[in-house]
Amino acid sequence: MYFPEARIIQAPISQEQVLDLEAGQWVRLFGAVILARDTTHQKLVEDLAKEIDPPVPLAGSVIYYAGPTPVPPYRVVGSIGPTTAQRMDRFLPFFFGQGVRATIGKGERSREAFELHQRYRAIYFLACGGAAAYLSRFITACELLAYPELGTQALRRVHLAGLPVLVAYDARGGNIFHYAVKT
């Protein structure tokens, strides 16, 4: 797949990079991101409430809402497509408060989540749903960080090599879903 005008972004992502992105831009994302889904979010919130430090720094991080399938032979990770981001909206204030700068998922989010991206100057990236096997090609390493009992929802860190994503919400109120309705 060819992305002629894609920006190259390295995670963890800086505040300057976040502020320089606009809704509708293609990005090729490199570097380390955290994999976490619903149950993982709940566990992290509970642990931090008990003053248990997270197993990975959250400040500046990017969270990919995904859980990989079992690893086939000669691969680093199984299929790894985005899950519906709106399921994580109730956790957004907490994670943005911890310094998370971007999330990756699929689908439109709640109005409150959209506004939180502006308030915390954060980015929401869309990854292509239904292409999980293809997206696994952009993962060069995967390590288990915590909660192995959660199976595919365990907390993991993956290293990306140019994962193609689209900026859905930017930090200044740009919203690709709003643009799509207008055109």
Side-chain angles (χ1 to χ4, degrees), residues 1-3 6 8-13 26-50 52-92 94-96 98-110 113 122-168:
M1 192 173 284
Y2 179 63
F3 300 94
I8 304 297
I9 299 290
Q10 181 77 33
I13 190 168
W26 281 102
V27 169
R28 301 296 302 268
L29 193 56
F30 291 80
V33 305
I34 298 167
L35 294 184
R37 293 182 52 164
D38 322 40
T39 309
T40 320
H41 279 65
Q42 185 65 47
K43 294 278 280 183
L44 281 166
V45 168
E46 289 169 1
D47 282 355
L48 288 168
K50 297 175 193 168
I52 299 171
D53 289 334
V56 61
L58 296 175
S61 67
V62 177
I63 297 180
Y64 184 10
Y65 302 138
T69 62
V71 182
Y74 310 108
R75 301 293 300 266
V76 172
V77 69
S79 297
I80 187 164
T83 194
T84 304
Q86 198 169 69
R87 295 198 329 244
M88 267 57 73
D89 284 356
R90 65 188 169 117
F91 300 108
L92 262 185
F94 179 84
F95 284 94
F96 282 166
Q98 295 292 316
V100 170
R101 289 209 177 100
T103 58
I104 305 169
K106 71 176 180 183
E108 191 169 8
R109 309 186 78 157
S110 66
I123 292 287
Y124 171 46
F125 293 113
L126 289 175
C128 184
Y134 172 72
L135 294 178
S136 71
R137 297 177 181 189
F138 298 96
I139 309 294
T140 60
C142 180
E143 62 184 303
L144 178 65
L145 298 174
Y147 317 130
E149 69 278 12
L150 298 180
T152 60
Q153 289 209 31
L155 183 67
R156 292 181 169 83
R157 176 173 36 219
V158 293
H159 293 268
L160 304 179
L163 182 75
V165 291
L166 179 67
V167 177

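We're numbering straight along the sequence, starting at 1. Because the structure is a prediction, the values reported are computed rather than measured.
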Grab the two heavy atoms, one from V76 and one from C142, that are nearest each other, plus how far apart they are.
CG1-N, 3.7 Å
Contact summary for G162 and F138, nearest pair of heavy atoms
O-CD2, 3.4 Å
Full working for side chain to side chain contact (heavy atoms under 4.5 Å, CB included) between L145 and R156:
CA-CA 5 Å; L145 298 174; R156 292 181 169 83; 5.6 Å; no
Identify each donor-acceptor pair in which a side-chain atom of residues 56-68 lies under 3.5 Å from a protein atom, sequence neighbours left out, and give them as a table.
{"from": "S61", "atom 1": "OG", "to": "L58", "atom 2": "O", "distance (Å)": "2.6"}
{"from": "Y64", "atom 1": "OH", "to": "I80", "atom 2": "O", "distance (Å)": "2.8"}
{"from": "Y65", "atom 1": "OH", "to": "R109", "atom 2": "NH2", "distance (Å)": "3.0"}

Not counting sequence neighbours, which residues clear salt bridge (Lys or Arg N to Asp or Glu O under 4.0 Å) with R157? List them please.
E143
Do T40 and I34 make a side-chain contact, defined as non-hydrogen atoms from C-beta onward lying under 4.5 Å apart?
no
Between R28 and A6, which heavy-atom pair has the shortest distance, and what is it?
CG-CB, 3.6 Å
When rounded to the nearest 0.5 angstrom, what distance separates CG in L92 from NE2 in H41?
7.0 Å
Rounded at 0.5 Å granularity, tell me how far CG in L160 sits from CZ in F30.
9.0 Å
Using the side-chain hydrogen bond (donor to acceptor under 3.5 Å, both in side chains) criterion, which residues pair with Q42? Sequence neighbours excluded.
E46
In chain order, what residues pass the side-chain contact (heavy atoms from CB on, under 4.5 Å) check against D38, with sequence neighbours excluded?
R87, M88, Q153
Closest heavy-atom pair and its distance - Y147, A154
O-CB, 3.2 Å
Carefully, step by step, assess T84 and K106 under the rule side chain to side chain contact (heavy atoms under 4.5 Å, CB included).
CA-CA 5 Å; T84 304; K106 71 176 180 183; 3.7 Å; yes
Within the structure provided, determine whether S136 and V158 are in side-chain contact (heavy-atom separation under 4.5 Å).
no
Closest non-hydrogen atoms of Y124 and G107, given as atom of the first, atom of the second and distance, are OH-O, 2.6 Å
So do L44 and F95 actually touch side chain to side chain, heavy atoms under 4.5 Å?
yes
Would you say the side chain of F125 lies within less than 4.5 Å of the side chain of V33, judging by non-hydrogen atoms?
no
With the side chain counted from C-beta on, respond yes when P54 and D47 share a heavy-atom pair under 4.5 Å apart, and no when they do not.
no
Residues two or more places apart in sequence or in another chain: which of them pass side-chain contact (heavy atoms from CB on, under 4.5 Å) with A141?
H159
Do V27 and I123 pass the side chain to side chain contact (heavy atoms under 4.5 Å, CB included) test, and can you show the C-alpha distance, the side-chain angles, and the key distance before you say yes or no?
CA-CA 12 Å; V27 169; I123 292 287; over 6 Å; no
Straight-line distance of L150 CG to R37 CZ, nearest 0.5 Å:
11.0 Å
Can you confirm whether I9 sits close enough to V165 that some side-chain heavy atom of one is under 4.5 Å from a side-chain heavy atom of the other?
no
Separation between CG of L126 and OG1 of T103, rounded to the nearest 0.5 Å
9.0 Å
Identify the heavy atoms of A132 and G81 that sit nearest to each other, and give their distance.
CB-N, 3.2 Å
Evaluation steps, side chain to side chain contact (heavy atoms under 4.5 Å, CB included), between L35 and L155
CA-CA 6 Å; L35 294 184; L155 183 67; over 6 Å; no
Under the side-chain contact (heavy atoms from CB on, under 4.5 Å) test, which residues partner T69, sequence neighbours left out?
S79
